[in-house]
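Reviewing the structure listed below.
Only a predicted model underlies this, so the values are computations on that prediction, with no experimental measurement involved. Along the sequence shown, residues are numbered consecutively beginning with 1.
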Amino acid sequence: MNSHLLFLFFSLMTIFIRTSISQGDSNGQNPICAPLKFNYGRISSITYPFSIEGRPKNCSYPGFNLTCNNNSPEMEIGSKTYFVKAIDYDSQMLTIVDTDVNGKDCSLRASSSTLDFSRFAYTPNDVNLTFYYNCSNLSRNSSLNLAPCMYNESISSYYMVGQGPDPYENCLASVFTILDSTASRLENKLTTFGDAMEDGFNVSWVAGAGKCRDCIVSGGNCGYDSDQPDLPVCHCGHKAYTGICPLQMQIVSGFSHFDHEEANQPMLGRLSMVTSRSLIGFPMVTLGKSLGGS
């Protein structure tokens, strides 16, 4: 019984390896919409749904274009420009900073009320920060903190974490968004008002989210198709598929990702690792369907 299973195992692996020779490695020879290396801060690559100069339009979702300003990645959201501090593709989340706060203690222009909710959403990591300015003869309360800007002998400015009342006595008010972790440090006097603003806040992208992770896990690269904008195209080798890459490409992709420990295993052990990873680690229900024929 074991000899029959072993024969079947090697027969299947031979078919997959021969297929890989004719189609190429789905990772090493998959240049279509491949991630673009981009080394800045906590950003190591640019890939779907984002685009940058020189990257094909069909590799990104419309409205997710990044530009470089003094080697810093920026992105327009609504009517404002934000500096992109970090991109987390796993959680589909950005850390952004309004460019109006860079190098400033206070900026009334740095309101996040123009966030484009058709593309982005706030996250549980975000909290409001209410800024009161042009205040005169204000009766202080314990929830208000003196802001180190926009004040003189007759007027002063204050802030409070959370959504404060508006109007509040004779003050003008503006509401900003900051990170919850930053708010805690601000309340405990562990950071300044200006630094808290420059820490930015998180947004998750809702447009173009789709099922890109399944495609990447199967060895493909995500792209955009206007006919199905909410479902990324999966580029596998030199073909485009819906969903994920075909099974044989997943097997070949497993061969190209041996680590050192796997390389020291006997051949049968290595083949077992690849096969179990490919057959068990990937979704088996929605196999990729070619968009350009069989």
Value for CZ (F131) from CZ (F193), rounded to nearest 0.5 Å, stands at 5.0 Å
N65 meets the side chain to side chain donor-acceptor pair (under 3.5 Å) criterion, sequence neighbours left out, with none
Contacts satisfying disulfide bond (SG atoms under 2.5 Å apart) that involve residues 185-221 (not counting sequence neighbours) are C212-C222, C215-C234
query: Is there side-chain contact between F176 and V127, with at least one heavy-atom pair below 4.5 Å?
result: no
Scanning both residues in full, the closest heavy-atom pair of E198 with K85 reads O-NZ, 3.8 Å
inquiry  = Treating S157 as the side-chain partner and Y133 as the backbone partner, does any N or O pair qualify as donor plus acceptor under 3.5 Å?
reply    = no
Quick one: do L231 and V233 end up in the same hydrophobic cluster if we chain Ile, Leu, Val, Met, Phe, Trp and Tyr together by side-chain heavy atoms under 4.5 Å apart? no
If you group Ile, Leu, Val, Met, Phe, Trp and Tyr by side-chain heavy-atom gaps below 4.5 Å, do V175 and L179 land in one group? no
The side chain to side chain donor-acceptor pair (under 3.5 Å) partners of S226 (sequence neighbours excluded) come to none
Original post:
Can the ring centres of Y168 and Y132 be said to be less than 6.0 Å apart?
Top reply: yes
For this session: Identify whether F38 and W205 are in the same connected component of the hydrophobic contact network (ILVMFWY, side-chain heavy atoms under 4.5 Å).
Result: yes
inquiry  = Can you confirm whether Y89 sits close enough to T47 that some side-chain heavy atom of one is under 4.5 Å from a side-chain heavy atom of the other?
reply    = yes
Pair up each side-chain donor or acceptor in residues 48-58 with any protein partner under 3.5 Å, not counting sequence neighbours, and list the distances.
{"unit_1": "Y48", "atom_1": "OH", "unit_2": "G208", "atom_2": "O", "d": "3.4"}
{"unit_1": "R55", "atom_1": "NH1", "unit_2": "A34", "atom_2": "O", "d": "2.8"}
{"unit_1": "R55", "atom_1": "NH2", "unit_2": "C33", "atom_2": "O", "d": "3.2"}
{"unit_1": "R55", "atom_1": "NH2", "unit_2": "A34", "atom_2": "O", "d": "3.4"}

The side-chain contact (heavy atoms from CB on, under 4.5 Å) partners of K37 (sequence neighbours excluded) come to none
Quiz item: Should L36 and L94 be counted in the same cluster of Ile, Leu, Val, Met, Phe, Trp and Tyr side chains packed under 4.5 Å apart?
Solution: yes
Sorted by chain and number, sequence neighbours left out, side-chain contact (heavy atoms from CB on, under 4.5 Å) with T192 holds for D195
* Can you check whether I244 reaches K211 side chain to side chain, under 4.5 Å on heavy atoms? -> no
Is it the case that more than 12 heavy atoms not belonging to N39 sit under 6.0 Å from its CG atom? no
All heavy atoms of P73 vs all of I43, minimum pair found to be CG-CD1, 3.8 Å
Sequence neighbours excluded, the answer for side chain to side chain donor-acceptor pair (under 3.5 Å) partners of N125 is N202
Output for pair (M160 CE, E187 CD), nearest 0.5 Å, gives 9.0 Å
The reported gap from CG in D116 to NZ in K80 (rounded to nearest 0.5 angstrom) is 14.0 Å
> Is there a donor-acceptor pair under 3.5 Å between the side chain of N152 and the backbone N or O of I155?
Replying inline: yes
Hits for side chain to side chain donor-acceptor pair (under 3.5 Å) against D126, two or more places apart or cross-chain, chain-then-number order -> T123
*asked:* Are the side chains of I96 and I77 in contact, using a 4.5 Å heavy-atom criterion?
replied: yes
Once you measure the plane-to-plane angle for F201 and Y82, does it fall in the parallel (<30°), tilted (30-60°) or perpendicular (>60°) bin? perpendicular
Residue set satisfying side-chain contact (heavy atoms from CB on, under 4.5 Å) with E74, at least two apart, ordered chain then number -> T67, N69, T81, T99
> So, the side chain of N70 versus the backbone of S72: is there a donor-acceptor pair under 3.5 Å, distance only?
Replying inline: no
Scanning both residues in full, the closest heavy-atom pair of I178 with M197 reads CG2-SD, 4.2 Å
Answer yes or no: is there a side-chain heavy-atom contact under 4.5 Å between I87 and L66? yes
Closest non-hydrogen atoms of L146 and S156, given as atom of the first, atom of the second and distance, are CD1-CB, 4.4 Å
* Taking the side chain as every heavy atom from C-beta outward, state whether L129 and T177 have any atom pair closer than 4.5 Å. => no
Across all chains, not counting sequence neighbours, the side-chain contact (heavy atoms from CB on, under 4.5 Å) partners of A196 are T182, L186, T191
Q) After noting the C-alpha distance and the side-chain angles of M93 and V203, does the key distance pass the side chain to side chain contact (heavy atoms under 4.5 Å, CB included) rule? A) CA-CA 6 Å; M93 188 167 60; V203 293; over 6 Å; no
In terms of heavy-atom contacts, V206 and S118 come closest through CG2-O, 3.8 Å
Between N145 and K189, the two heavy atoms sitting closest are OD1-NZ, 3.1 Å
With sequence neighbours left out, the residues meeting salt bridge (charged side-chain N to carboxylate O under 4.0 Å, His left out) with R185 are D199
Sorted by chain and number, sequence neighbours left out, ring pair (Phe, Tyr, Trp, His ring centres under 6.0 Å) with Y61 holds for F64, Y224
- Query: Does the side chain of L115 reach to within under 4.5 Å of the side chain of Y122, using non-hydrogen atoms?
  - Reply: yes
